[in-house]
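None of the values given here were measured: they were computed from a predicted structure.
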Amino acid sequence: MSFSLNRVLQSKFTKYSLAIVLLLVGIIILAIYSTLRLSMPSLSATVVSDDISAPLTIERDTLGTAIITASNRKDAAYALGYAHSQDRFFQMDLLRRNAAGELAEIFGKAALKLDKNKRFHQLRMRAQNIFEQLPLQDKAMLSAYTQGVNHALAEQTVRSFEYLLTQSSPREWHETDSLLVIYSMYLDLQGNTIKRDMALTQLQQAFGNEMVDFLIQSSHHQAALDDSQIPLYQGDIPALEDDILLSAITQAIEEPVEVGSNNWAVTGQLTDSGRAMLSDDMHLSFAVPIIWYRAQLNYQTSAAQDSAKSNPPVSDKSSHQITGVSLPGAPAIVVGSNGKLAWGFTNSYIDTADWIEISPDTAIDIEYEPIELPNDQVNYTIQVSEFGPVKTVAGVNYALSWVGHADYAVNMALLSLETAETVEQASALATEIGIPAQNMLLADNQGNAGWTIAGAVPARDNPSNTAQSPSNFQSSKWQLQQAVMPEVINPDNQRIWTANSRVLSSEEQLRFGDGGYALGARGVQIRDRLLASSNFSEADFYQLQLDNEALF
């Protein structure tokens, strides 16, 4: 009898224990849900701010696109900053920290090596210097955006889950942080060019020029817009010692992560509407969330601002609707359309960096870059010469001259595309835009289509795949932005395409260099698909976007 009673008591105890455990689990789940719920932004509210000139609205459609309606562009920048902050602040934080080399402050020693690599460029200092030189209207635009970001940040009652997970706290946004976000794109889009030149330099020293020429030989897949061809490699396969070959065979090689952007356009001669059409698909590494943020800006400008484009002005105010994708952390629509003009980008891969091999007696200064950890600090030093920051490889000092270090690398001129109305107007702005050098494709409602390279390009005209000597370094030209860029507008075949491979003519490539072009097969395939038809609709362009064959 006592044995049975024991079992009954144990059974009851087990049931009570299970009930208590389930209750505790439920409470924990409810607490986690409530915390996450409280950390989410309120998308239906009325807020008051002294930083805007008139009432504005932020709506979101079923795709999550932020639709902003404001009385002027400055207020629209405030609203875009507010929306970015609500939806993507942690992403913005990572972008600025990535460029500045400040990730270890959140992630600890695991991010220290990455931070040291980024501190080599001293981009926070450069962002501050550039901000101080910006025109007042650009400073005002960045300030309005920053105010919007910080307003939404201040309204958080609970930190977002990323900060709870990393046991860190968000830090207010600053105007220079938006410049750091652009610098982060420089590192993403041009970082491999810097590594490539150094790798080729080391290969040159170990195996000679023949090996370098063999490795960088031109592909037979070539789709330059003028159809110019670079002669194929005619040399022999360089010989390697047997022990080197055996060593290479036994070493595992990781599969590379391939990314690649595509865009193409046709003139109005190939569309039923008579308007040009553009397709743009920017591929970067997969991430959650994705890098781009869909947005639409609706605002007005005064007739005086638009007089150069519409003469005489038809009214005191001009309305603008800009639809496209933005980069969280910056106030511009990066790729989009204003109803009269559409613009899109792919990475140009021209050469915008040079290593200079400096002698042991070259003057070098030491600069200190303390790196913050969650509960500590690391004193990191950088060597700096008249040619740029210095890196020692195999006992040799090399200085880096990179366009990202130039005063003209970053600005707010991308905003000017929003009010351009024709391909010609937009192409003329190309050399003023402070972004990593891009293939810019353009299409307007008058039927014109065009291509040019937009962004920061140094005026130096002797790019090199391997380290140069100081005597070949064009110091004065490196300080200047290239004044004239190649362009193609309304070509005879009425079609334009880019796909990260060479778009320039073979002659222009000698001037602008090779920063690590893609193979070229995608460019050839897009070109051939476009040449296979004489009339295009949006559906045709969409089918071309879905083309998943790989023709070799």
Side-chain angles (χ1 to χ4, degrees), residues 99 121 123 126 130 179 181-197 224-225 259-263 280 282-284 327 330 332 334-335 343-355 388 400-417 426-442 450-465 474 477-488 496-505 507-518 523:
H121 302 290
L123 296 179
R126 299 183 195 281
I130 285 178
L179 304 184
V181 165
I182 301 173
Y183 273 129
S184 199
M185 297 305 293
Y186 265 96
L187 293 168
D188 197 5
L189 297 172
Q190 295 184 0
N192 283 337
T193 297
I194 298 170
K195 295 175 184 177
R196 174 183 183 271
D197 284 5
L225 291 178
V259 295
S261 304
N262 313 299
N263 59 19
D280 190 80
M282 300 178 292
H283 296 181
L284 293 171
L327 176 63
V334 177
V335 163
W343 62 95
F345 298 112
T346 66
N347 199 20
S348 67
Y349 284 102
I350 62 172
D351 191 350
T352 55
D354 286 323
W355 289 99
L400 177 65
S401 187
W402 176 41
V403 72
H405 299 160
D407 289 342
Y408 53 83
V410 177
N411 59 36
M412 290 293 104
L414 185 63
L415 293 166
S416 57
L417 288 178
S427 185
L429 297 168
T431 58
E432 299 176 11
I433 299 173
I435 58 173
Q438 300 288 292
N439 292 310
M440 180 167 71
L441 253 61
L442 302 160
W451 160 86
T452 189
I453 291 180
V457 178
R460 72 87 163 85
D461 54 18
N462 64 340
S464 176
N465 290 307
Q474 298 177 343
K477 290 186 177 181
W478 264 103
Q479 306 307 315
L480 301 174
Q481 161 84 312
Q482 174 68 20
V484 179
M485 294 304 299
E487 68 174 8
V488 174
I496 299 175
W497 56 87
T498 83
N500 300 136
S501 49
R502 178 176 63 90
V503 179
L504 299 160
S505 69
E507 183 178 348
E508 289 166 338
Q509 165 144 344
L510 295 175
R511 158 65 186 86
F512 293 101
D514 179 354
Y517 286 125

Asker: Do W355 side-chain atoms and I194 backbone N/O form a donor-acceptor pair below 3.5 Å?
Answerer: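 Confirmed, W355 side chain pairs with I194 backbone.
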
Asker: If you apply the rule side-chain contact (heavy atoms from CB on, under 4.5 Å), what do you find for L417 with I433, and how did you get there?
Answerer: CA-CA 9 Å; L417 288 178; I433 299 173; 4.2 Å; yes

Asker: Write down the atom of V457, the atom of V403, and the distance for their closest heavy-atom approach.
Answerer: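 V457 and V403 have their closest heavy atoms at N-CG2, 4.2 Å.
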
Asker: Below 30° counts as parallel, above 60° as perpendicular, anything between as tilted: where do the rings of H405 and H121 land?
Answerer: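 The arrangement is tilted - the two ring planes meet at 30° to 60°.
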
Asker: Q481 side chain to T431 main-chain N or O, any donor-acceptor pair under 3.5 Å?
Answerer: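 Checking the backbone N and O of T431 against the side chain of Q481, a donor-acceptor pair under 3.5 Å is found.
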
Asker: Should Q479 and Y408 count as side-chain neighbours, where that means a heavy-atom distance under 4.5 Å?
Answerer: no

Asker: Side-chain donor-acceptor pair under 3.5 Å between S427 and E487, yes or no?
Answerer: yes

Asker: Checking the side chain of E508 only, and the main-chain atoms of S505 only, is there a donor and an acceptor separated by less than 3.5 Å?
Answerer: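 Yes, E508 side chain to S505 backbone: donor-acceptor pair under 3.5 Å.
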
Asker: Could you go through F345 and I435, starting from their C-alpha distance and side-chain angles, then the distance that decides it, and tell me whether this counts as side-chain contact (heavy atoms from CB on, under 4.5 Å)?
Answerer: CA-CA 11 Å; F345 298 112; I435 58 173; 4.2 Å; yes

Asker: Any sub-3.5 Å donor-acceptor pair from N347's side-chain atoms to L189's backbone N or O?
Answerer: yes

Asker: Give the C-alpha distance, both sets of side-chain angles, the deciding distance and a yes or no for side-chain contact (heavy atoms from CB on, under 4.5 Å) between L442 and W451.
Answerer: CA-CA 6 Å; L442 302 160; W451 160 86; over 6 Å; no

Asker: Specify the closest pair of heavy atoms between F512 and P463, including all atoms of both residues, with the distance to one decimal.
Answerer: C-CG, 4.0 Å

Asker: For R196, what residues pass the salt bridge (Lys or Arg N to Asp or Glu O under 4.0 Å) criterion, not counting sequence neighbours?
Answerer: D514

Asker: What are the two closest heavy atoms between A518 and S501, and how far apart are they?
Answerer: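 Taking every non-hydrogen atom into account, O-CB, 3.6 Å.
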
Asker: Any side-chain to backbone donor/acceptor pair from N439 onto T452? Under 3.5 Å, distance only.
Answerer: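 Side chain of N439 to backbone of T452, a donor-acceptor pair under 3.5 Å: no, none is there.
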
Asker: Identify, with sequence neighbours excluded, every residue that meets salt bridge (Lys or Arg N to Asp or Glu O under 4.0 Å) alongside D197.
Answerer: none

Asker: Are any non-hydrogen side-chain atoms of T498 and L441 less than 4.5 angstrom apart?
Answerer: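 Yes, at least one pair of side-chain atoms sits under 4.5 Å.
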
Asker: Please check if the side chain of S348 supplies one atom and the backbone of A437 the other of a donor-acceptor pair under 3.5 Å.
Answerer: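 Between the backbone of A437 and the side chain of S348 there is a qualifying donor-acceptor contact (under 3.5 Å).
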
Asker: Quick check for you: to the nearest 0.5 Å, what is the distance between Y517 atom OH and D351 atom CG?
Answerer: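 Taking OH in Y517 and CG in D351, the distance rounds to 9.0 Å.
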
Asker: Please round to the nearest 0.5 Å and tell me the distance separating atom CG of N411 and atom CG of L415.
Answerer: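 If we round to the nearest 0.5 Å, N411:CG and L415:CG are 9.0 Å apart.
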
Asker: Could you work out, with salt bridge (Lys or Arg N to Asp or Glu O under 4.0 Å) as the rule, every residue matching R502, not counting sequence neighbours?
Answerer: none

Asker: Do you know the tightest heavy-atom contact between A332 and L414?
Answerer: CB-CD2, 4.0 Å

Asker: Show your reasoning for whether side-chain contact (heavy atoms from CB on, under 4.5 Å) applies to I453 and Q438.
Answerer: CA-CA 5 Å; I453 291 180; Q438 300 288 292; over 6 Å; no

Asker: Any chance the side chains of Q482 and R511 put a donor and an acceptor closer than 3.5 Å?
Answerer: yes

Asker: Do the side chain of W343 and the main chain of V334 share a donor and acceptor less than 3.5 angstrom apart?
Answerer: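 Checked: pair present.
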
Asker: How close do P486 and L504 get, counting heavy atoms only, and between which atoms?
Answerer: CG-CD2, 3.5 Å

Asker: Measure the spacing between CG of N263 and CD1 of I496 and express it to the nearest 0.5 Å.
Answerer: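 Between N263 CG and I496 CD1, I get 9.5 Å after rounding to 0.5 Å.
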
Asker: Applying side-chain contact (heavy atoms from CB on, under 4.5 Å), can you list everything that pairs with S261, at least two apart in sequence or on another chain?
Answerer: M282, H283, T346, N500

Asker: Side chain of Y186, backbone of A409: donor and acceptor closer than 3.5 Å?
Answerer: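 Present.
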
Asker: Can you name the residues that form a side-chain contact (heavy atoms from CB on, under 4.5 Å) with L480, not counting sequence neighbours?
Answerer: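 Here the qualifying residues are A459.
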
Asker: Can you name the residues that form a salt bridge (Lys or Arg N to Asp or Glu O under 4.0 Å) with K477, not counting sequence neighbours?
Answerer: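 For K477, the residues satisfying salt bridge (Lys or Arg N to Asp or Glu O under 4.0 Å) (neighbours in sequence not counted) are D461.
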
Asker: Check W402 against A353 and note the closest heavy-atom contact, atom names and distance.
Answerer: CD1-CB, 3.8 Å

